[in-house]
S.K.: 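Take this structure, written in structure tokens, and hold onto it; I'll ask about it next.
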There are 2 protein chains.
Amino acid sequence: MSPILHALEHEQASFSQMERRLAERVLASPGEVIHMGITELAEQCGVSPATVTRFCKVLHFKGFPDFKVKLAAEIAHSDAGPQDGGSSYQDIVAGNPLSLIVEAMQANHLASIRDTTSLLDLERLQSVIALLCNARRVDLYGMATSSIVAQDFYQKLVRIGVNCTAFADSHMQITSASSLAKGDVAFAISYSGETPETIDALGCAKHSGASTISLTSYGSSTLATLADIPLFSSSLEQGMRRGDMASRIAQLHIIDILFTGMVSTRFGDFIPKLEQSYLNVQHYRNKRGGQS
Amino acid sequence: MSPILHALEHEQASFSQMERRLAERVLASPGEVIHMGITELAEQCGVSPATVTRFCKVLHFKGFPDFKVKLAAEIAHSDAGPQDGGSSYQDIVAGNPLSLIVEAMQANHLASIRDTTSLLDLERLQSVIALLCNARRVDLYGMATSSIVAQDFYQKLVRIGVNCTAFADSHMQITSASSLAKGDVAFAISYSGETPETIDALGCAKHSGASTISLTSYGSSTLATLADIPLFSSSLEQGMRRGDMASRIAQLHIIDILFTGMVSTRFGDFIPKLEQSYLNVQHYRNKRGGQS
DNA sequence: CGTATATAAGAAAATTATTTTCATGATTAG
DNA sequence: CTAATCATGAAAATAATTTTCTTATATACG
């Protein structure tokens, strides 16, 4: 924890009644305090503005504004929530003030990306990249939240000219899976790894002879077991139903790595296509001059 | 480098004479600026205080003090060096070994979330949450990558029973925007803030009397200026076309905060709906026993 | 037990900082 | 060449902060 907050916590002994109130308020949500005026903070603590100024002086700041700026700098350093470098997940519950939600969300997402990265198996990633680069056709499967991830990957792959589909409709997924063959790739995404529609689609693809890849939250699951190469994003503690928020970020993180890996291995091929797709969007947009 | 400094450096084109002087002074030693008063900074740049305030507003801060606090938070980040904990963005180039790509991607995504969080304005977020909670109808606009973000938000809002649409088709976006009215909310997402289709849709919605919200990468943009309440994700260095990867993660981070904020403020309303939507998916899935 | 003194804290005044409004000159489009 | 827009500074208005002055309370000492 930063020196200022640390001091506020451990030097309470030397504070007076009112000063203690201030210290507590600041500790409770420093992120809010830095956006407050002196009057606002004073009111929230049932204290006069003069007391706030004095308090800042006691802490050896030049005044309240000085305190705010220094505090802002400090809380920026530490990842919200538990100390930096750690990676524990925060639960998010009812009626929390927004500042807490923001802190918790940041902690969760950062932890999620860190954990996912450390779970990564480079060799496996490399194989997946190779498969995707050489695939005749790529099918992406995912329902609900995972279909968002699938769509995202789809957009990227299309831009580098990979022949690829990402149906949101589970019937179409199966239909498409049926028509895959050896040399094609099926890529299934699911938080739980137990989504029946996605499992069916990947199973069908495997049966058709395609190479199968799964992307699920860490832990054994039907989908991961089924896939030739399973990839994992970090899973959250506890039964947070809303855990899929961090999980989706982690899955996109992996998608980004895969995509960048693909572009990097076949730079000469893919970069021109990327550029071209970008330029063409611009071109046709300008051509019609803003009206559709 | 932090998004604010980055913007100061790269948006000089859009600044006026005096604004450029200010930008340069801030870039020269941001650490000094955060301890200055508005008058002092103005004098050092041979500029009037009024110009400084205006400059801060152009950058979408609430005023000079707000600018100082946000800047303080950011420069605290950036002197932490490139290893984790710091937040400099890594470029991703050809033929990099996978391990480097993974490291760079992690650094980018972590930095992006951190920077975005420090740019966040809690008051604004709160207003947006309030608007969304009380909206009769919510329209989400976004093209390409941003449509993925819009879709993601859409899925979440639907689950808590918010009346909401997220057309990917720009004609439909306009059509829908035309039928909005006071009390409705239009929420436009764009990395650059200059996507014509998205600007048109938001403009149309505004004209119809809806409250307008934008989510763009940090910096002044047409879309952000147009919106009643602009929200920002952090922007990346240099011309990385592929900067939209980190940006999308950051935007989803904000979406998650908004959504969680909504659920938290109207816990009693929304949680049962969330639970119900979850249970119903399970129920109907089990009912048909895996076959469709 | 009472008085003097120190201390904490607020009220109000003074100061300082910031923002807004208004006026002016420059620049651009017609 | 004129009108309109824009950038800018001066000054007024507002808001924030700090200082000063006052009061109440507690503590030590006679």
S.K.: Are B:Asp66 and B:Lys68 close enough for a salt bridge, meaning some N to O gap below 4.0 Å?
M.R.: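 Between B:Lys68 and B:Asp66 there is no salt bridge, as every charged N stays at least 4.0 Å from the carboxylate O atoms.
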
S.K.: Distances for protein N/O vs nucleotides 22-24 of chain D N/O pairs under 3.5 angstrom?
M.R.:
none

S.K.: Quickly work out the B:Phe15 CZ to D:dC6 P distance and round it to whole Å.
M.R.: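 Rounding to the nearest Å, CZ of B:Phe15 and P of D:dC6 are 18 Å apart.
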
S.K.: At under 4.0 Å, does any side-chain N or O of A:Ser16 touch on OP1 or OP2 of C:dT7?
M.R.: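 No, no such contact exists.
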
S.K.: What is the distance, rounded to the nearest whole Å, between atom CZ of A:Arg21 and atom P of C:dA8?
M.R.: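 A:Arg21 atom CZ is separated from C:dA8 atom P by 15 Å.
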
S.K.: Answer with base, sugar-phosphate or nothing: what part of the nucleic acid does A:Val47 contact at a heavy-atom distance below 4.0 Å?
M.R.: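 Here A:Val47 touches the backbone only, sparing every base.
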
S.K.: Nearest whole Å is fine: how far is D:dT19 P from A:Lys62 NZ?
M.R.: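 In whole Å, D:dT19 P lies 13 Å from A:Lys62 NZ.
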
S.K.: Quick check: closest heavy atoms across B:Gly37 and B:Phe64, and the distance to 0.1 Å?
M.R.: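 Of all heavy-atom pairs spanning B:Gly37 and B:Phe64, the closest is C-CE2, 3.7 Å.
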
S.K.: Any idea which of D:dT20, D:dG9, C:dT18 is nearest the B:Arg54 side chain?
M.R.: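 My answer, after comparing the listed nucleotides, is D:dG9.
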
S.K.: Any idea which heavy atoms bring B:Ser118 and B:Ala73 closest together, and the distance?
M.R.: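 Where B:Ser118 meets B:Ala73 most closely, the heavy atoms are CB-CB, 4.3 Å.
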
S.K.: If only side-chain N and O atoms count, and only distance matters, is there a donor-acceptor pair under 3.5 Å linking B:Thr222 with B:Glu194?
M.R.: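 A donor-acceptor contact under 3.5 Å links the two side chains.
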
S.K.: Look at all strands and tell whether B:Thr53 reaches a base, only sugar-phosphate, or nothing, counting heavy atoms closer than 4.0 Å.
M.R.: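 Base contact.
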
S.K.: OP1 or OP2 of C:dG10 less than 4.0 angstrom from a side-chain nitrogen or oxygen of A:Thr51, does that happen here?
M.R.: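 Yes.
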
S.K.: For B:Phe67 and C:dA17, give me the distance from atom CZ to atom C1', rounded to whole Å.
M.R.: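 For the pair B:Phe67 CZ and C:dA17 C1', the rounded distance is 17 Å.
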
S.K.: Answer with base, sugar-phosphate or nothing: what part of the nucleic acid does A:Gln17 contact at a heavy-atom distance below 4.0 Å?
M.R.: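 Sugar-phosphate only.
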
S.K.: C:dT18 C1' sits how many Å from B:Phe55 CZ, rounded?
M.R.: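 My rounded result for the distance is 17 Å.
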
S.K.: Using whole Å, what does the distance between atom C1' of nucleotide C:dT16 and atom CE of B:Met36 come to?
M.R.: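 Going from B:Met36 (CE) to C:dT16 (C1'), I get 17 Å.
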
S.K.: If you only use heavy atoms from C-beta on, which nucleotide in C:dA8, C:dT18, D:dT18 is closest to the side chain of B:Lys68?
M.R.: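 My answer, after comparing the listed nucleotides, is C:dT18.
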
S.K.: Is a side-chain N or O of B:Ser112 found less than 3.5 angstrom from the main chain of B:Ala246, in a donor-acceptor match?
M.R.: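 It does hold such a pair.
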
S.K.: For residues 33-46 of chain A, pull every pair meeting side-chain hydrogen bond (donor to acceptor under 3.5 Å, both in side chains), keeping only residues two or more places apart or in separate chains.
M.R.: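 Found A:Arg25-A:Gln44.
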
S.K.: From the options D:dT17, D:dG9, D:dT19, select the nucleotide whose nearest atom is closest to the side chain of A:Lys57.
M.R.: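 Looking only at heavy atoms from C-beta outward on A:Lys57, the closest nucleotide is D:dT19.
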
S.K.: Whole angstrom is fine here: how far is it from CG in B:Leu22 over to C1' in D:dG9?
M.R.: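 Checked: the CG to C1' distance equals 13 Å.
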
S.K.: Please test B:Phe187 against B:Phe153 for ring-ring contact (aromatic ring centres under 6.0 Å, His included), starting from the C-alpha separation and ending with a verdict.
M.R.: CA-CA 10 Å; B:Phe187 193 112; B:Phe153 203 10; 5.4 Å; yes

S.K.: May I have the distance from A:Leu41 (atom CG) to D:dT18 (atom P), rounded to whole angstrom?
M.R.: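 Result: 12 Å.
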
S.K.: In terms of the nearest nucleotide of DNA chain D, which residue is placed more toward the 5' end: A:Pro49 or B:Ala50?
M.R.: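 Of the two residues, B:Ala50 wins.
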
S.K.: If you check the B:Met18 side chain, which of C:dA9, D:dT8, C:dA17 turns out closest?
M.R.: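 Within the option list, the nearest is D:dT8.
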
S.K.: Looking at A:Gly46 and A:Met18, what are the two nearest heavy atoms and their distance?
M.R.: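 Nearest heavy atoms, A:Gly46 then A:Met18: O-SD, 4.2 Å.
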
